[in-house]
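Everything on this sheet refers to the single structure shown next.
In this text the structure is predicted, and so the values were computed from the model without any measurement. The chain is numbered in sequence order, starting from 1. Whatever order the structure lists them in is the order used to number ligands and atoms, beginning at 1.
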Amino acid sequence: MDQLYEIKELEVSITSSCTLACANCGFLVPNQPAPAMGEPVAEITAALDVLYQAGVRVGSLAILGGEPTIDGRLLQRASSAIATTRIAKRLEVVSNGLTPRGLKASLQYIDRLSISVYGFGQALLDRYRTWMNLAAPHVELALRASDDGWDPWADERTVDDAQAQAMFDSCWYRRHCTTVERGRLFMCSRIAKFSRDEEGLPLSPATTLDDVRAYLEQPVFLPSCATCTPMMGLELVPAGVQPDDRIARLEARAIDWLDCEISHATARIL
Ligand SMILES: C[S@@+](CC[C@H](N)C(=O)[O-])C[C@H]1O[C@@H](n2cnc3c(N)ncnc32)[C@H](O)[C@@H]1O
Ligand code: SF4
Ligand code: SF4
């Protein structure tokens, strides 16, 4: 292939369901739109194949949800199929860490596990470190704390064109959260999650590298940028706040499950 184009970070969501209900979820859970119109694994891999054939390569491809570990079989099928496309140098799962059972079958396909730490303690993280060392030493474990808080997502505000352009020019999300869903490439996950499909690039076998480059490198802000509260520099909101004690309940179950896995893996080594 003569010409290649690298997207440094690309995200795909395999489900809109989640084990948590974080206030201000940046993926709009529980109102996240379905990330696929049909069967998600087939649809995502078809879209990635289109990009690959056009000459796109990805530095790090993240599988998210909702919560991607909520359905272990789906995550296994997705991680295995995405690895087979060979589009990404590195495959990552981003998880809230509370259903490790759903991760187990996918560890062989991924390079990195990012756990977003919402209100659980060191005991669970220590179990993860031990489990990864025993079961998947090739997987890098990254912990994502949100101690400073999250960007507000729900406020309804609009800025003028000059400010929308300034937000677009300095946008963190479009450098880190390019997204593929519903057969389209999106500048950022926010535009995808707000179902602004008309602001995405439809992917088809006719899509060229120039189409992708022209879309991602367009100089002028998109309509969604004018209402983009995450980029407005507003006061941050607390991260990962739940309506009830579900984190404590899921955390206890996760620790029990990890303790069993660790003792089985240790017994296999001895
Ligand atoms: C939407 S979550 C999906 C994956 C998984 N459920 C999780 O929470 O890690 C992906 C990432 O977005 C971050 N995130 C969610 N809401 C956010 C917000 N309002 N501002 C900034 N980051 C946010 C999360 O902390 C997480 O690292
Ligand atoms: S864990 Fe929280 S941030 Fe992640 S998708 Fe679920 S509700 Fe959103
Ligand atoms: S809507 Fe525009 S400014 Fe907001 S995250 Fe997306 S690209 Fe950036």
Side-chain angles (χ1 to χ4, degrees), residues 9 11-33 35 62-71 75 92-100 102-103 112-120 142-155 157-159 161 163-179 181 185-196 199-200 215-244 246-247 250-251:
E9 296 178 43
E11 297 184 349
V12 296
S13 287
I14 55 172
T15 176
S16 56
S17 301
C18 193
T19 46
L20 295 184
C22 304
N24 282 294
C25 169
F27 277 17
L28 304 189
V29 168
N31 301 312
Q32 182 180 329
I63 305 175
L64 317 93
E67 174 49 45
T69 65
I70 200 167
D71 177 344
L75 181 57
E92 171 180 12
V93 168
V94 182
S95 166
N96 64 33
L98 291 163
T99 42
L103 257 178
R112 181 172 154 123
L113 169 64
S114 288
I115 296 187
S116 309
V117 182
Y118 306 135
F120 47 78
L143 305 178
R144 287 190 183 187
S146 303
D147 298 338
D148 295 340
W150 272 349
D151 291 317
W153 229 267
D155 304 26
R157 297 187 186 214
T158 306
V159 297
D161 286 2
Q163 197 178 339
Q165 184 65 49
M167 282 156 39
F168 178 75
D169 289 341
S170 63
C171 179
W172 181 91
Y173 290 96
R174 75 184 171 105
R175 290 196 302 277
H176 298 281
C177 304
T178 309
T179 296
E181 63 186 57
L185 178 67
F186 289 93
M187 186 75 77
C188 67
S189 56
R190 179 176 178 273
I191 295 177
K193 299 307 176 194
F194 274 99
S195 302
R196 307 260 167 82
E199 293 181 41
Y215 174 73
L216 291 177
E217 295 180 3
Q218 59 192 285
V220 178
F221 69 93
L222 291 158
S224 289
C225 305
T227 56
C228 186
T229 51
M231 283 303 299
M232 283 183 196
L234 304 173
E235 197 175 334
L236 298 180
V237 296
V241 174
Q242 306 305 312
D244 52 30
R246 68 186 70 193
I247 289 185
L250 289 165
E251 180 184 14

Protein heavy-atom partner closest to atom 4 (Fe) of ligand 2 - residue, atom, separation in Å: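 Ranked first by proximity to atom 4 (Fe) of ligand 2 is Y118 OH, 4.0 Å.
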
Look only at the side chain of [X] and the backbone of [Y], and say whether a donor-acceptor pair between them is shorter than 3.5 Å.
X	Y	answer
W153	C25	no
E11	S189	no
T229	P152	yes
E9	C177	no
R144	V94	no
Y118	A239	no
R112	A142	no
E67	T69	yes

Contact with ligand 2 for W150, non-hydrogen, under 4.0 angstrom: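 Yes, W150 has heavy atoms under 4.0 Å from ligand 2.
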
2.8 Å cut-off (strict), protein N, O or S atoms about atom 8 (Fe) of ligand 3: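 That number is 1, waters not included.
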
From S116 atom OG to L98 atom CG, the distance as rounded to the nearest 0.5 Å: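 Separation between the atoms: 10.0 Å.
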
CG-CG distance between L64 and N96, expressed to the nearest 0.5 angstrom: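 L64 CG to N96 CG: 11.0 Å, rounded to 0.5 Å.
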
D161 and Q165 side chains, donor-acceptor separation under 3.5 Å: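 Their side chains do not contain a donor-acceptor pair, so the 3.5 Å distance test is not met.
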
Residue pair T227 / R196: nearest heavy atoms and the distance that separates them: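 Minimum heavy-atom separation between T227 and R196: OG1-NH1, 4.2 Å.
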
Heavy-atom closest pair, residues M187 and Y215: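 Looks like N-OH, 2.8 Å.
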
Neighbouring residues of ligand 1, heavy-atom cut-off under 4.0 Å: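 Those residues closer than 4.0 Å to ligand 1 by some heavy atom are N24, C25, G26, F27, L64, G66, E67, V94, S95, N96, S116, Y118, R144, W150, D151, W153, Y173.
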
Distance filter under 2.8 Å, centred on atom 6 (Fe) of ligand 2 - protein N, O or S atoms that pass it: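 You should have found C18 SG.
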
Residues forming a salt bridge (charged side-chain N to carboxylate O under 4.0 Å, His left out) with E181, sequence neighbours excluded: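 Salt bridge (charged side-chain N to carboxylate O under 4.0 Å, His left out) list for E181, sorted by chain: K193.
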
